[in-house]
Amino acid sequence: MRGCFAGGWLRAASSLGVLMIAGAVPGQTPGADSSAALRIIDAPFTDLHWRVRPLQALGSPAAFVVYFATIECPMVARSLPRIGEIARAYEHRDVVTVVVNVGVDDGFIDAAAQVAEHAPAAVFGKDFTLDFAGACGVDRSNTVLVLDRQRRVSYSGRIDDSAAYSAALARPRRDDLVEALDAVLSGRQVTVATTEVQGCRLTKPVASDPKTPPDYARDILPILTRTCLGCHLHDPAGGIDLASVARMRKHAAMIDEVIGNGRMPPWRAATLPGVGFLHRGLGNEERRLLRHWIAGGLQLSPLPTQPVHPMRQEWRTGPLPVVLDAPEEVRVPATGALEYRYMVLDREFAHDTWIEAIDVRSGQSRALQHCNLAIVRAGDGYRPEAFLTNYTPHGVPLELPQGSAFRIPAGSRLAVQAYYQPFGQAVSETLQVGLRYARFDVRQPLEVTSFGATDVEIPAGARASKVEARLELAADCEAVSLFVHMHARGRCVSVVAESANGTVETLLSVPAYDFAGQQTYAWPLGTRRLAAGTVLRAVGHFDNSDWNPANPDPKQVVRSGPAVADEQFQVSIAWRPIDDREPIRIDPATGIGLPVSGAAAK
């Protein structure tokens, strides 16, 4: 094992999963004042923002707690909530808790979701190569370390003695982690510096060599088309053009990195049991196929003529006959940061108008990071009455099936909240919204209901400031999609459904919220029903510390407001009624409802 500690060597007692420090004086327990305690140097892990960072980047708190987790280890499932309690209880005593995932096949987002659910006050890390675990002398999950202010190992072992492989105590007889932590904080020596760990042995990642190399036409192109080419084709919103295999070969190492660590494609929802979303990310098998194909030199299919990439469409929905222009151009500089641009489109809808498809496009889609579309009352400026949909380069437009449409009320206009990000070239942006009127009778109107917190207040430097909101459903409905809106300090969010009979189900978990790439998470139509009386509870955490690279100013108390430097917490659920209703007849040329006949009205 590689020595990563100054002044001595570490070796792991693999049968016990404990840390042993060679060179310690016999009978002496290494503690806060022990000369045998060793300082960790250069032990990096990957953080929630996919940055590779060492512990020292977290500053010099009074102590560190470092816990090693995997998704499937049953001992971790039993113990991680306790780590969450300790992280929250000791954060005000200048203790930083870090939970590092060391599962070889644990996806980045799912691993982060585990920590967001059970230990939201902790810093999340991922150790893809197990180099960080090796540097700490750890070979089992469920191991916890306590480090002092100088990052010297003061304790290594179990959390307490309450959980064993085949037994459990109602309460621990010895609280090893708490006792070690209290000793370090008070400057005392830790009396018991090592304990036996009951956890799962860590498995190092092994590069597999498939017997049959992936075929480009059969295996690879369908994956690229579904997950990559929406942004990375010809006029790339993502910055790297994947329009040809030759161009992909130029960036093979970078492509392999972002696919391997889960950064791309940018899908931020965790995997949950039950009916899943219309997934825009990569499955484990797809990820393996792509990486095998890259490792093999990105070979084309042995065909006389190669399949071609799909062509970029003018609108992602296909033709949209009604086009509304934003009232002004937006000047995007080559560098710097921009505020939100709020613009109300000129058209006022004189009648209730039914729409079955809507999309947003921009002259330089690479600069437009996201755009939220809302309905406002004419003359009220940007004061949204209802959220409608959102645009991101990697998202999907709102396009409803026959018999379903959403209503723009009479006297309303559409308004956009657009966020642009400079990309090294000054450009003038134009923005357009395309619509398609409903072409068929509307039997299932789409509604969007938003709820959130208007009194957000995040303390300066807070790593996990909690905000909550709730909504009770008045009628049975079919849930169509969820959308979450926070600003630059948003860290993670979850939405759970609590039914009237007490059943609790997590509908959405976004453990690595991305302000620049906000997404709508949609279920397959007809698959998700919610009963009247169900309460939706949304819990968000905000990171106002300097650990958050998007944070404009960690020293400021942050409150609700419209600017990027302010914060917001809003959840929007799109839904359709389940009860039987008379169909609404629509004029497909205008989207306006037609008068019903006397018999139908009766």
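Leu55 is listed as a side-chain neighbour of Leu147, based on a closest heavy-atom distance under 4.5 Å. Contact check for Leu298 versus Ile255: no side-chain heavy atoms found under the 4.5 Å cut-off. You'll find the side chain of Gln519 stays beyond 4.5 Å of the side chain of Val510, heavy atoms only. Taking the side chain as every heavy atom from C-beta outward, Pro265 and Leu282 approach each other to under 4.5 Å. Thr97 places none of its side-chain heavy atoms less than 4.5 Å from the side chain of Tyr90.
Aromatic pair Trp267/Tyr521: centroids less than 6.0 angstrom apart. Remark: aromatic rings of His370 and Phe515 are close, center separation under 6.0 Å.
Closest approach of Val99 and Ala122 over heavy atoms only: CG2-CB, 3.8 Å. For the pair Tyr155 and Val192, the tightest heavy-atom approach, listed with the atom from each and the gap, is CD1-O, 3.3 Å. Of all the heavy atoms in Val104 and Thr203, the pair that sits closest is CB-O, 3.5 Å. Closest approach of Phe128 and Pro205 over heavy atoms only: O-CG, 3.6 Å.
Inspection of the Thr271 and Asp110 side chains reveals an N or O donor paired with an N or O acceptor under 3.5 Å.
Enclosure of atom CZ in Arg88 by more than 12 non-hydrogen atoms of other residues, nucleotides or ligands within 6.0 angstrom is indicated. More than 12 heavy atoms of other residues, nucleotides or ligands sit less than 6.0 Å from atom CD of Glu85.
Contact check on Asp176 versus Arg158 returns a salt bridge, with a Lys/Arg side-chain nitrogen under 4.0 Å from an Asp/Glu carboxylate oxygen. In summary, Arg93 and Asp182 engage in a salt bridge, as defined by a charged side-chain N under 4.0 Å from a carboxylate O.
Ring geometry, Trp547 versus Phe45: the interplanar angle falls from 30° to 60°, so the pair is classed tilted.
Distance alone, capped at 3.5 Å, places no donor-acceptor pair between the Tyr513 side chain and the Ala488 backbone. The backbone N or O of Ile259 lies less than 3.5 Å from a partner atom in the side chain of Arg287, making a donor-acceptor pair. Judged by distance alone, the side chain of His487 and the main-chain N or O of Asp566 form a donor-acceptor pair under 3.5 Å.
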Candidate pair Asn372 and Tyr391, rule side-chain hydrogen bond (donor to acceptor under 3.5 Å, both in side chains), full reasoning: CA-CA 6 Å; Asn372 300 325; Tyr391 161 88; over 6 Å; no
